[in-house]
**Q** 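Following this message is one structure expressed as structure tokens.
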Amino acid sequence: MNQNLVNMEYAVRGKVVIEADKLSKEGKPIIYTNIGNPHSVGQSPLTWPRQVMALVDLPSEVGIDNPNCQTLFPQDAIDRARELKAMMGGSGTGAYSHSQGVPGIRSDVATFCEARDGVPCDPDDIFLTNGASAGISHILTTCISGPEDGVMIPIPQYPIYSATLALLGGRQVGYALDEGNRWEANVEELERSLAEAKAKGTTVKAFVLINPGNPTGQVLSRKAVGEIVKFCFKHGLVLLADEVYQENVYCDGKEFTSCKKAAAEEGILGEVEIASFHSTSKGIFGECGRRGGYMELTGFDKEVVGQIYKLASSGLCSGLPGQVMTSLMVKGPPPDGPSYASFKAERDGIFGSLGRRAKMVAKGLNDIEGFECNEAEGAMYVFPKVTMPPNAASAAEKEGVNVDTMYALSLLRETGICVVPAQGFGQEEGRSGFRTTFLPEEETMERAVELFKVHHEGFVKKYS
Ligand SMILES: Cc1ncc(COP(=O)(O)O)c(C=O)c1O
């Protein structure tokens, strides 16, 4: 067996989740807050994208060309489905597409990126992917060419980076986010981490920025994004801009800035290699199961793009339903069409509720003695720091697990809440805690906050 695979870890679906599934099978009600998978915990799909999807999937004679179609579907869904079907050249969602994705859908994405960043975007720079995960894997595969190669990743990080690097046999080069300063990244720390890695003989190839952050929930300032882009330019690092939560910004006064926009404003667009990732799994769509997303490459050498294209071609193409969903994510119903008002109302409903939950959960956790929790300015998570009682570490050692895992298992068994131990994301030495989403419905989340408190008080008593 490939020992890299054996050694690879993926905490979000790790030990605690396996135990939760077992307990659930035995009949225990579980509140799953371990994974950013909104539909699995009650979020409804938006109606209009699903109407278009259904019509794109249906053979035309029972769908868009059926005389009864207008009695079941709004005209703007029919029109959009017709447009998408035409883009697929009549072959529909059952055929492979171009390996970068359907050209018309890539144009939709390019139009979206141009409107967001205020700079041109070439559809040929867009690769439609199975979620952001596939694009991330392509770029890491492209970068890692030997055991000395490394990639800078935030600590804490989203485990796809540590897992893929482990699989590829590359090195993780962690840079610490500053918990005391709302999880900002500062340049001194980036320089320190890079110098340390170089001193250890690591050839640092790339840099990962997750903004808004997972598991940390911060939305980086324009200044911070600009500094990171300049840092990558200065050191010739490929910048993996993980921007899947760009729509999930809840904090007044905070705004998402793409790395591409920051590079343009800093006058280095095209001079620094940026691979930016977006996904249908997050935002307001939450369509994780569609496996839709895209990556945009800017500043890459044509030869390198050719190799990445070859890599994408080896997987033939990304799933067509995911490509369609990506088009619908970047281009909603027309503002003058019959679906616009209801689409907007659904979106605003989900967004408003996520924002309320973000605030409520961070505040509720901060009110627990022994918890410290930064506000979730964006994304779908909070990452509280938990002060462990004095005897917890030795008890965990006896059980053969780390203290975060023992805590998460105890929380699960006593309350049914399934979180991810913080250790799975990486954290400062001596820190403890967990990550929780705030995706379950508002009432469930309010109950969960009470249960976090009750459990913590019991845990402290038991191990003091
Ligand atoms: C920061 C980040 N990047 C990438 C992904 C991958 O998501 P997907 O492949 O569903 O787009 C996730 C999923 O949770 C994530 O949180």
**Q** Is there a donor-acceptor contact under 3.5 Å from the side chain of K254 to the main chain of V219?
**A**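 Side chain of K254 to backbone of V219, a donor-acceptor pair under 3.5 Å: yes, one is there.
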**Q** Just wondering, more than 12 heavy atoms not from Q3 lying within 6.0 Å of its CD?
**A**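 More than 12 heavy atoms, drawn from other residues, nucleotides or ligands, come within 6.0 Å of this atom.
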**Q** With a 4.0 Å cut-off, would you call R431 and E179 a salt bridge?
**A**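 Yes, this pair counts.
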**Q** Any Lys/Arg nitrogen of R447 or E443 sitting under 4.0 Å from an Asp/Glu carboxylate oxygen of the other?
**A**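 The answer is no: the pair does not qualify as a salt bridge.
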**Q** Among side-chain atoms of E346 and T47, is any donor-acceptor pair under 3.5 angstrom?
**A**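 Yes.
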**Q** Are any of the side-chain heavy atoms of S193 and E196 separated by less than 4.5 Å?
**A**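 The answer is no, as the side chains (C-beta and beyond) never meet within the 4.5 Å cut-off.
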**Q** Is R222 salt-bridged to E265, going by a charged N under 4.0 Å from an acidic O?
**A**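 Looking at E265 together with R222, the answer is yes, because their closest N to O distance falls below 4.0 Å.
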**Q** For K453, check salt bridge (charged side-chain N to carboxylate O under 4.0 Å, His left out) against everything at least two apart and list the hits.
**A**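 Listed in chain order: E457.
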**Q** Taking all non-hydrogen atoms of both residues, which atom of D122 and which atom of A110 are closest, and how far apart?
**A**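 Of all heavy-atom pairs spanning D122 and A110, the closest is C-CB, 4.4 Å.
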**Q** Salt bridge between K344 and D348, side-chain N to carboxylate O under 4.0 Å?
**A**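 Looking at D348 together with K344, the answer is yes, because their closest N to O distance falls below 4.0 Å.
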**Q** Below 30° counts as parallel, above 60° as perpendicular, anything between as tilted: where do the rings of F459 and Y407 land?
**A**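 Judged by the thresholds at 30° and 60°, the geometry between F459 and Y407 is perpendicular.
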**Q** Please determine whether side-chain contact (heavy atoms from CB on, under 4.5 Å) holds for the pair I139 and C143, giving the CA-CA distance in whole Å, both sets of side-chain angles, and the decisive distance to 0.1 Å.
**A** CA-CA 6 Å; I139 299 301; C143 289; 4.2 Å; yes
**Q** Kindly give the heavy-atom pair with the smallest separation between F383 and G426, and that separation in Å.
**A**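 For F383 versus G426, the nearest heavy atoms are CZ-O, 4.3 Å.
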**Q** Within a strict 4.5 Å, meaning less than it, do heavy atoms of the P384 and E372 side chains meet?
**A**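 They are not in side-chain contact.
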**Q** Within a 6.0 Å radius of atom CD on E428, are there more than 12 heavy atoms belonging to other residues, nucleotides or ligands?
**A**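 No, the 6.0 Å shell around CD holds no more than 12 heavy atoms from other groups.
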**Q** I'd like to know if E191 pairs up with K234 as an ion pair, taking the criterion as any Lys NZ or Arg NE/NH1/NH2 lying under 4.0 Å from an Asp or Glu carboxylate oxygen.
**A**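 Looking at E191 and K234, the cut-off is met.
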**Q** Does K282 pair with E243 as a salt bridge, N-O distance under 4.0 Å?
**A**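 No.
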**Q** Go through the structure and list residues passing ring pair (Phe, Tyr, Trp, His ring centres under 6.0 Å) with F452, not counting sequence neighbours.
**A**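 In terms of ring pair (Phe, Tyr, Trp, His ring centres under 6.0 Å), with neighbours along the sequence ignored, F452 is linked to F434.
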**Q** Check whether more than 12 heavy atoms from other residues, nucleotides or ligands sit under 6.0 Å from atom NZ of K28, and answer yes or no.
**A**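 More than 12 within 6.0 Å, yes.
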**Q** Give every donor-acceptor pair under 3.5 Å between a side-chain atom in residues 159-174 and any protein atom, sequence neighbours left out.
**A**
{"unit_1": "Y161", "atom_1": "OH", "unit_2": "D242", "atom_2": "OD2", "d": "2.6"}
{"unit_1": "S162", "atom_1": "OG", "unit_2": "Q157", "atom_2": "NE2", "d": "2.7"}
{"unit_1": "S162", "atom_1": "OG", "unit_2": "P159", "atom_2": "O", "d": "3.2"}
{"unit_1": "T164", "atom_1": "OG1", "unit_2": "I160", "atom_2": "O", "d": "2.6"}
{"unit_1": "R171", "atom_1": "NE", "unit_2": "P147", "atom_2": "O", "d": "3.1"}
{"unit_1": "R171", "atom_1": "NH1", "unit_2": "K200", "atom_2": "O", "d": "3.4"}
{"unit_1": "R171", "atom_1": "NH1", "unit_2": "T202", "atom_2": "OG1", "d": "2.8"}

**Q** Taking side chain as C-beta onward, heavy atoms only, is V151 less than 4.5 Å from V204?
**A**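 A side-chain contact under 4.5 Å is absent here.
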**Q** Side chains of N34 and R435: is there a donor and an acceptor less than 3.5 Å apart?
**A**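 Their side chains do not contain a donor-acceptor pair, so the 3.5 Å distance test is not met.
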**Q** Step by step, work out the salt bridge (charged side-chain N to carboxylate O under 4.0 Å, His left out) result for K25 and D21.
**A** CA-CA 6 Å; K25 268 194 200 125; D21 290 344; over 6 Å; no
**Q** Just checking, is any N or O donor in the side chain of T405 or Q423 under 3.5 Å from an acceptor N or O on the other one?
**A**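 On atom types as modelled, these side chains do not qualify, holding no pair under 3.5 Å.
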**Q** Step by step, work out the side-chain contact (heavy atoms from CB on, under 4.5 Å) result for I31 and T33.
**A** CA-CA 6 Å; I31 304 175; T33 66; 3.9 Å; yes
**Q** I want to check something: taking the side chain as every heavy atom from C-beta on, are V225 and C259 in contact at a cut-off of under 4.5 Å?
**A**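 Yes, close enough: below the 4.5 Å cut-off.
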**Q** With a sphere of 6.0 Å drawn around OH of Y309, does it hold more than 12 non-hydrogen atoms of other residues, nucleotides or ligands?
**A**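 Enclosed.
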**Q** Apply the test side-chain contact (heavy atoms from CB on, under 4.5 Å) to residues S410 and H455: give CA-CA distance (whole Å), side-chain angles for both, the deciding distance (0.1 Å), then the verdict.
**A** CA-CA 8 Å; S410 159; H455 166 263; 2.6 Å; yes
**Q** Stepwise, does the salt bridge (charged side-chain N to carboxylate O under 4.0 Å, His left out) test hold for E227 with K230?
**A** CA-CA 5 Å; E227 280 175 358; K230 284 190 283 181; 6.0 Å; no
**Q** List the atom of A275, the atom of F300, and the distance in Å for their closest heavy-atom pair.
**A**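 Heavy atoms of A275 and F300 come nearest at N-CE1, 4.0 Å.
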**Q** Step through it carefully: locate the ring centre of F127, locate the ring centre of Y294, and say whether they are under 6.0 Å apart.
**A**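 For F127 and Y294, the ring centres are not under 6.0 Å apart.
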**Q** Heavy-atom distance under 4.5 Å between the side chains of V382 and N374, does that happen here?
**A**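 No, side chains not in contact.
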**Q** Check salt bridge (charged side-chain N to carboxylate O under 4.0 Å, His left out) between D149 and all other residues, then give those that pass, not counting sequence neighbours.
**A**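 By the salt bridge (charged side-chain N to carboxylate O under 4.0 Å, His left out) rule, D149 matches K205.
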**Q** Keeping to residues at least two apart or across chains, list the ring-ring contact (aromatic ring centres under 6.0 Å, His included) pairs with something in residues 192-218.
**A**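 Listed once each, the pairs are Y175-F207, F207-F231.
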**Q** Test side chain to side chain donor-acceptor pair (under 3.5 Å) on N366 and E375 and set out the steps.
**A** CA-CA 9 Å; N366 265 325; E375 187 186 341; over 6 Å; no
**Q** Apply salt bridge (charged side-chain N to carboxylate O under 4.0 Å, His left out) to residues E19 and R413 and explain how you reach the verdict.
**A** CA-CA 9 Å; E19 177 71 7; R413 288 175 187 137; 3.4 Å; yes
**Q** What residues, two or more places apart in sequence or in another chain, satisfy salt bridge (charged side-chain N to carboxylate O under 4.0 Å, His left out) together with K359?
**A**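 If we apply the salt bridge (charged side-chain N to carboxylate O under 4.0 Å, His left out) test to K359, skipping adjacent residues, there are no hits.
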**Q** Specify the closest pair of heavy atoms between A376 and Y250, including all atoms of both residues, with the distance to one decimal.
**A**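 Looking at all heavy atoms of both residues, the shortest contact is O-CD1, 4.0 Å.
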**Q** Go through the steps for R106 and Q323 under the test side chain to side chain donor-acceptor pair (under 3.5 Å), then give the verdict.
**A** CA-CA 9 Å; R106 284 190 274 132; Q323 295 192 27; over 6 Å; no
**Q** Counting heavy atoms not belonging to E271, are there more than 12 under 6.0 Å from its CD?
**A**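 Correct, the count exceeds 12.
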**Q** What do you reckon, is CG of N2 surrounded by more than 12 foreign heavy atoms closer than 6.0 Å?
**A**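 Above 12, so yes.
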**Q** Does a donor on one side chain sit under 3.5 Å from an acceptor on the other, for E397 and N402?
**A**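 No.
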**Q** Using the side-chain contact (heavy atoms from CB on, under 4.5 Å) definition, which of the options L209, I210, L177 pairs with L220?
**A**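 Of all the options given, the one that passes is L209.
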**Q** For residues A408 and V419, report the shortest heavy-atom separation together with the two atoms involved.
**A**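 Minimum heavy-atom separation between A408 and V419: CB-CG2, 3.9 Å.
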**Q** Distance check, rounded to the nearest 0.5 Å: R290 atom CZ versus L328 atom CG?
**A**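 Reported value, rounded in 0.5 Å steps: 10.0 Å.
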**Q** Where do C121 and I126 come nearest, in terms of heavy atoms and distance?
**A**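 Between these two residues, the closest heavy atoms are SG-CD1, 3.8 Å.
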**Q** I would like to know whether V229 and L239 meet side-chain contact (heavy atoms from CB on, under 4.5 Å); could you show each step before the answer?
**A** CA-CA 7 Å; V229 172; L239 173 54; 4.0 Å; yes
**Q** Looking at R50 and E287, is any side-chain nitrogen of the basic one under 4.0 Å from a carboxylate oxygen of the acidic one?
**A**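 Salt bridge between E287 and R50, a charged N being under 4.0 Å from a carboxylate O: yes.
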**Q** Answer whether the closest heavy-atom distance between the side chains of E442 and S353 falls below 4.5 Å.
**A**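 E442 vs S353: side chains touch.
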**Q** Between Y158 and Y381, does the ring centroid distance fall short of 6.0 Å?
**A**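 Ring centres of Y381 and Y158 not closer than 6.0 Å.
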**Q** Is R182 salt-bridged to E377, cutoff N-O under 4.0 Å?
**A**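 Yes, charged N to carboxylate O under 4.0 Å.
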